[in-house]
2 protein chains.
Amino acid sequence: MHSREIFNIVKARRESLNVTQETLAQLSGVALRTLKQFESGKGNPTLQTLQKLGDALGLEVTVVIKNKGNNV
Amino acid sequence: MHSREIFNIVKARRESLNVTQETLAQLSGVALRTLKQFESGKGNPTLQTLQKLGDALGLEVTVVIKNKGNNV
DNA sequence: TCGAAAAGTGCTTTTTGCTGCACTTTACAA
DNA sequence: TTGTAAAGTGCAGCAAAAAGCACTTTTCGA
């Protein structure tokens, strides 16, 4: 999952919940400026930032094994 | 998935592949110091760092909806 | 069409992640 | 036990993320 995809999922999720950036910023504890930057495709958020946003949106950051069945 | 879990998954994955921190650092392009810090449970990696490590280990960072069936 | 809400952007400061270096500690095989 | 490889840690510099502020642009309903 590429960064862009992740950004888009967050943005899409926020929109599907009908929440403004400002509200999400308050709910998540992430600064509005940071959120804006992030949703407009720029930036390289820290895991913590991503998780704060995820928590507020009912999203979860996970790390999974790629290509099951093709591993050592 | 909490930060600790993510750290542990990365570490466990590296070990299961029998790769040293030093080798992973070279393969992933992440500095050894950063990797060490990260595997010992400290730090708050950026998405990019996490993805570099994931790429080298065959892991993928994803963002998924929690509690399927309980959404808007 | 117009006005307000929402979103996007430039600039700046503060904080902190990334990195290199040197050293210590731990694990393990000879 | 001892030597070596691997892993962990303190310190410091640099780059970049986080955040605040002000302003512009876009969106959209009245």
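A note on names: the letters A, B, ... follow the listed sequences, proteins ahead of strands, and every chain is numbered from 1. Quick note: numbers below take in every heavy atom, side chains included, and nothing from hydrogens, waters or symmetry partners. This one's a predicted model, so the numbers in the text were calculated from it and none came from an experiment.
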Exercise. Using side-chain hydrogen bond (donor to acceptor under 3.5 Å, both in side chains) as the criterion, list what pairs up with B/Asn44, not counting sequence neighbours.
Key: A/Thr46

Quiz prompt | Pairing residues for B/Ser40 by the side-chain hydrogen bond (donor to acceptor under 3.5 Å, both in side chains) criterion, not counting sequence neighbours | solution = none

Self-check item: Inter- and intrachain pairs under salt bridge (Lys or Arg N to Asp or Glu O under 4.0 Å), touching residues 17-28 of chain B, at least two apart
Solution: none

Quiz prompt | Axial bend angle, the helix from C/dT1-D/dA30 to C/dA30-D/dT1: five-pair end segments, nearest 10° | solution = 50°

Quiz item: Which parts of residues 21-39 of chain A get close to DNA chain C, meaning a heavy atom less than 4.0 angstrom away?
Solution: A/Gln21, A/Arg33, A/Lys36

Quiz item: Does C/dA7 have OP1 or OP2 sitting under 4.0 Å from an N or O in the side chain of A/Lys11?
Solution: no

Self-check item: Smallest separation among heavy atoms of A/Val63 and B/Met1, with atom names
Solution: N-SD, 3.4 Å

Quiz item: Which pair of heavy atoms, one from B/Val19 and one from B/Leu24, lies closest together, and at what distance?
Solution: CG1-N, 3.6 Å

Find the distance between [atom1] ([X]) and [atom2] ([Y]) and round it off to the nearest 0.5 Å.
X       : Y       : atom1 : atom2 : value
B/Ile9  : B/Leu57 : CD1   : CG    : 11.5 Å
A/Leu17 : A/Thr23 : CG    : OG1   : 11.5 Å
B/Ile6  : B/Leu53 : CD1   : CG    : 12.0 Å
A/Leu59 : B/Lys66 : CG    : NZ    : 8.0 Å

Tabulate protein N/O versus nucleotide N/O from nucleotides 26-30 of chain C, keeping only pairs under 3.5 Å, one per line.
none

Quiz item: For DNA chain D, what residues of residues 1-8 of chain A have any heavy atom nearer than 4.0 Å?
Solution: none

Quiz item: Does A/Glu15 reach the main-chain N or O of A/Ala12 with its side chain, forming a donor-acceptor pair under 3.5 Å?
Solution: no

Quiz item: Are A/Leu27 and A/Leu32 in one and the same hydrophobic cluster, where Ile, Leu, Val, Met, Phe, Trp and Tyr link if side-chain heavy atoms are under 4.5 Å apart?
Solution: no

Quiz item: With side chains defined as the heavy atoms from C-beta onward, is the minimum distance between A/Val10 and A/Arg14 less than 4.5 Å?
Solution: no

Exercise. Give every residue pair that meets the side-chain hydrogen bond (donor to acceptor under 3.5 Å, both in side chains) criterion with at least one member in residues 51-62 of chain A, sequence neighbours excluded.
Key: A/Gln51-B/Ser3, A/Thr62-B/Thr62

Quiz item: Pairs in or reaching into residues 24-37 of chain B: which pass side-chain hydrogen bond (donor to acceptor under 3.5 Å, both in side chains), with residues at least two apart or in two chains?
Solution: B/Gln21-B/Lys36

Practice problem: Mind jotting down which residue pairs meet the ring pair (Phe, Tyr, Trp, His ring centres under 6.0 Å) criterion with at least one end in residues 4-52 of chain A? Sequence neighbours excluded, please. | Solution: A/Phe7-A/Phe38

Practice problem: May I have the step-by-step check of side chain to side chain contact (heavy atoms under 4.5 Å, CB included) for B/Leu50 and A/Leu47, ending in yes or no? | Solution: CA-CA 8 Å; B/Leu50 208 49; A/Leu47 177 58; 4.1 Å; yes

Quiz prompt | Terminal contacting nucleotides, 5' and 3', DNA chain D versus chain A (heavy atom, 4.0 Å) | solution = D/dA17 to D/dC21

Mind listing the N/O atom pairs, protein and nucleotides 13-16 of chain C, below 3.5 Å?
none

